[in-house]
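The next block holds one structure in the form of structure tokens; read it before the comments.
Every number for a ligand or one of its atoms is a count from 1 in the order of the listing.
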Amino acid sequence: MTRFFLPALLALACQTVLGHYQLTYPPSRGFDESKEVTGPCGGFDSVSANRTDFPLKDGFMEINSEHPKYTYKVNIAIGNKPAAADFTSVVGQGQVAYPSQSCLQVDLSSVKNATDGTPATLQIIYMAGDGNLYQCADVTLKNQASNFNTSACVNADGSSPSKSGSSSGSQPSSTSAATTVKAGVMGAMAALVLSIAATA
Ligand SMILES: *[C@@H]1O[C@H](CO)[C@@H](O)[C@H](O)[C@H]1NC(C)=O
Ligand SMILES: *[C@@H]1O[C@H](CO)[C@@H](O)[C@H](O)[C@H]1NC(C)=O
Ligand SMILES: *[C@@H]1O[C@H](CO)[C@@H](O)[C@H](O)[C@H]1NC(C)=O
Ligand SMILES: [Cu+2]
């Protein structure tokens, strides 16, 4: 009877290993995993009804990643209704070697026209080996972004996010923990496949 149960378990295990990422803060324009490969904003071409106030200094974007390892770039487009070609200024980039939450620092100090009250759109391009994956957040740049939730900046490996525009992600010590977890999941999946083959 476990034969009926095992495929379900296997499917569950695969789901947690595959997947892409979600932008969790500031709020995304929209998320549809199947359209995340579509630039410039993951298949969402209309500007959000509500912009989030975003600080000109020490801003960040928080994501939740299913992939355990990835590189990313954050671009900004200044203006109310940016087109794909407008996302030209790189305001953050790096690589992360652990899954789940990560705080991507945004450095606006060298962006032309990034001034108090300016509407803008931040774009993440995430690369984990299954295509460029896009997410966007529509914001208003502010000297004082009093509603901006600074508590949302969390790294799942416990490292404190760097203040610079490009973070290099995790410390070497934490990557081994993530690798161990992943190896454990892979091992469990292999065992399930073997036991299914044995019962079939
Ligand atoms: C935008 O904000 C208004 C006022 O806070 C709220 O009523 C509305 O539901 C929001 N719309 C969206 C799409 O979040
Ligand atoms: C920046 O501001 C200048 C002067 O106001 C304007 O001519 C230019 O188009 C702006 N650039 C962008 C990218 O908005
Ligand atoms: C800010 O972010 C933290 C961490 O994600 C969350 O627990 C908290 O509810 C958020 N606060 C607001 C006001 O949304
Ligand atoms: Cu993926």
Suppose we only count N/O/S atoms under 2.8 Å; would Ala128 qualify as near the Cu ion (ligand 4)? no
Only heavy atoms of Ser151, strictly under 4.0 Å: list the atoms of ligand 3 that pass. 4 (C)
Asp130: which N/O/S atom is nearest the Cu ion (ligand 4)? OD2
Would you find more than 12 non-hydrogen atoms of other residues, nucleotides or ligands less than 6.0 Å from Asn147 atom CG? no
Under the 4.0 Å line, does any protein heavy atom show up next to atom 9 (O) of ligand 3? no
On a heavy-atom basis, I'd like to know which of Thr150, Val154, Asn149 is closest to atom 13 (C) of ligand 3. Asn149
Distance-only polar pair, side chains of Asn50 and Ser48, donor-acceptor under 3.5 Å: no
Is a side-chain N or O of Asn155 found less than 3.5 angstrom from the main chain of Asp157, in a donor-acceptor match? no
Partners of Phe31 by side chain to side chain contact (heavy atoms under 4.5 Å, CB included), sequence neighbours excluded? Gln22, Glu33, Glu36, Gln135
Mind listing the side-chain donor-acceptor pairs of residues 119-128 below 3.5 Å, one per line with the distance, residues two or more places apart or on another chain?
| unit_1 | atom_1 | unit_2 | atom_2 | d |
| --- | --- | --- | --- | --- |
| Thr121 | OG1 | Asp138 | OD1 | 2.7 |
| Gln123 | OE1 | Asn75 | ND2 | 2.9 |
| Gln123 | NE2 | Pro40 | O | 2.9 |
| Tyr126 | OH | Ser65 | OG | 2.6 |

Judged by atom type as modelled, is there a donor-acceptor pair below 3.5 Å linking the side chain of Asn143 to the main-chain atoms of Asp116? no
Name the closest protein heavy atom to atom 5 (O) of ligand 3, giving the residue it belongs to and the distance to 0.1 Å. Ala152 CA, 4.1 Å
Can you tell me the N, O or S atom of His20 that's nearest the Cu ion (ligand 4)? ND1
